[in-house]
Protein chains: 2
Amino acid sequence: MTELPLLSGGAPKERADATRNRLKVLAAAEQLFDARGVATVSMDDVAAAAGVGKGTLYRRFGDKSGLAAALLDERESQLQAAMLTGPPPLGPGAPAGERLTAFVGAYLAFVDAHLDVVAMSQTASSGARLRTGSHRLWRQHIAILLAEAGTPDPDVRAGALLAALTAEQVRHWRHDEDRSLADLTEALVRMARAATGPP
Amino acid sequence: MTELPLLSGGAPKERADATRNRLKVLAAAEQLFDARGVATVSMDDVAAAAGVGKGTLYRRFGDKSGLAAALLDERESQLQAAMLTGPPPLGPGAPAGERLTAFVGAYLAFVDAHLDVVAMSQTASSGARLRTGSHRLWRQHIAILLAEAGTPDPDVRAGALLAALTAEQVRHWRHDEDRSLADLTEALVRMARAATGPP
DNA sequence: GACAGAAACGGACTGCAGTCCGTATTGTCG
DNA sequence: CGACAATACGGACTGCAGTCCGTTTCTGTC
């Protein structure tokens, strides 16, 4: 994933045709992913369905994982807003431990609800997903909560916790091992709580 | 990754030419990976260097991640033997907590020492790595130790712990965040200890 | 040692991710 | 409005992963 224009410093303004195509692509991708499953849809398919050249697709979204990430963007933003400025226990106001618990539940639910698309967004090669803006945000959020709770090595533990919430891992628990979302959530919440305590 | 003949029930005996080619391929792959880095070596390269057809490569190793896994096999087996029948604290004889600590250190060292090859072996699509024989073994080992220590949800926590020790994650900590192996080991050992305690 | 069936070989082939660059569109400034 | 620079477009092109199947090599048997 390369930098999206949206993210650079001074808003460079999106050209009209660019906007038009961005929307066409997102609509087509959502529709196709939904209808045929993320895995079996090729970038050519998306380009064709959107009535757009392949180059356009790649210039804007970088690669297939970037396209998936863009599709997730809106819902992801909702979760981010809830956690940064929403009501407790997810938002500020509750004790760190409870906020962490709420976050694990909410994030897990988010991943579970969009398993395939999240999985695709996490396939960026060479660990690019770990350098993603949104990943950084989740990690930092967890690290701050852990630090607040007096946990040692909050940064490492934040990364470790997120690693356990990877789409691939969640899919394994949910589908290969047939765990219910509720049980899995409870188990992971318990573990997060345990990991919050000092060694 | 599909089943390797090696793993099936009754030994179906490997044909002489098959052995010959297997060794040629492994030698060529090791040499190429070593010289040019795993990422930039194509399967055609390996086939050509080994003096073998591409079909042979794929029939035997399934895909690129399978080839990487085969290369790791020997060292992986050493670690497995040490942990199953070797001297404490890695092997049996020490208390579960200490064995877990030793395992985290040893496994992390293993991943770190072969980062690129392990990373490649873990790229199997659709979470195939989680269904791998060796992954199952690591997971079961951890789960047993955790259960022995009275930890709740030992299976989930074992999976979570291994998720944190993924090559991609370790590479991020080691290279992107420049952590020393020693510090990282300590932090993860502390976390494993914390996660061993009840909620 | 020669035969038959089984097992393995190898390289042409397919389909897709991702790149490149000549062309078209847009926004701006005089 | 007209023309210029910046930006975006699109589809041909490249290279690689993974498949397929006609051909070759092996091995157990007589």
Side-chain angles (χ1 to χ4, degrees), chain A residues 1-6 8 10-26 28-29 32-33 36-70 120-121 123-126 128, chain B residues 1-6 8 10-26 28-29 32-33 36-70 120-121 123-126 128:
Chain A
M1 188 175 354
T2 53
E3 56 163 6
L4 304 179
L6 299 174
S8 37
K13 270 191 180 176
E14 188 178 41
R15 246 174 58 170
D17 50 349
T19 309
R20 218 180 307 131
N21 282 329
R22 182 167 50 79
L23 297 176
K24 282 199 293 183
V25 166
L26 288 175
L32 278 179
F33 283 177
R36 290 167 33 197
V38 178
T40 66
V41 175
S42 73
M43 290 296 264
D44 291 85
D45 290 340
V46 176
V52 142
K54 227 177 162 187
T56 301
L57 219 50
Y58 278 97
R59 191 171 351 83
R60 188 155 295 278
F61 299 101
D63 62 9
K64 204 174 175 182
S65 80
L67 176 56
M120 179 54 68
S121 82
T123 58
S125 45
S126 197
Chain B
M1 182 173 0
T2 53
E3 55 161 9
L4 304 179
L6 301 173
S8 37
K13 266 191 180 177
E14 187 179 40
R15 243 173 60 170
D17 49 350
T19 309
R20 218 180 306 132
N21 281 330
R22 181 167 50 78
L23 296 176
K24 281 199 291 182
V25 166
L26 288 175
L32 278 179
F33 284 177
R36 291 167 33 196
V38 178
T40 67
V41 174
S42 73
M43 290 297 264
D44 291 87
D45 290 341
V46 175
V52 142
K54 228 177 159 186
T56 302
L57 220 49
Y58 278 96
R59 188 167 358 81
R60 187 153 296 277
F61 299 102
D63 62 8
K64 203 175 174 181
S65 81
L67 176 56
M120 179 55 67
S121 82
T123 58
S125 44
S126 196

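All chains are named by letter (A, B, ...) in the order of the sequence lines, taking the proteins before the strands, and each is independently numbered beginning at 1. Predicted model only: the values in this text are computed from it and were never measured.
- Remark: B:S125 pairs with no residue by the side-chain contact (heavy atoms from CB on, under 4.5 Å) rule, at least two apart or across chains.
- When the P atom of D:dC9 is taken as reference, atom CZ of A:R22 falls 11 Å away, rounded to whole Å.
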Run the side-chain contact (heavy atoms from CB on, under 4.5 Å) test on A:L67 and A:L26 for me, step by step, so that the C-alpha distance in whole Å, both residues' side-chain angles and the decisive distance to 0.1 Å come before the verdict. CA-CA 8 Å; A:L67 176 56; A:L26 288 175; 4.2 Å; yes
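- At whole-Å resolution of the value, CZ in A:R60 and C1' in D:dG10 are 14 Å apart.
- For A:R36, the side-chain contact (heavy atoms from CB on, under 4.5 Å) test picks out A:L32, A:T40, A:V41, A:D45, with sequence neighbours left out.
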Scan nucleotides 12-25 of chain D nucleotide by nucleotide, 5' to 3', and note B when protein non-hydrogen atoms come under 4.0 Å of the base, S if they reach only the sugar-phosphate, - if neither. ----SBBBB----B
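- Shown here are the side-chain contact (heavy atoms from CB on, under 4.5 Å) partners of A:T123, two or more places apart in sequence or in another chain: A:S65, A:M120.
- Listed by chain and residue number, A:D44 satisfy the side-chain hydrogen bond (donor to acceptor under 3.5 Å, both in side chains) test with A:K54 (two or more places apart in sequence, or in another chain).
- Close to D:dC9, at under 4.0 Å from its OP1 or OP2, lies a side-chain N or O of A:N21.
- Rounding to whole angstrom units, CD of residue A:E14 and P of C:dT26 are separated by 13 Å.
- Using five terminal pairs a side, the axes of the helix from C:dG1-D:dC30 to C:dG30-D:dC1 at its two ends make an angle of 10°, given in steps of 10 degrees.
- For A:R15, the side-chain hydrogen bond (donor to acceptor under 3.5 Å, both in side chains) partners at least two apart in sequence or on another chain are A:D17.
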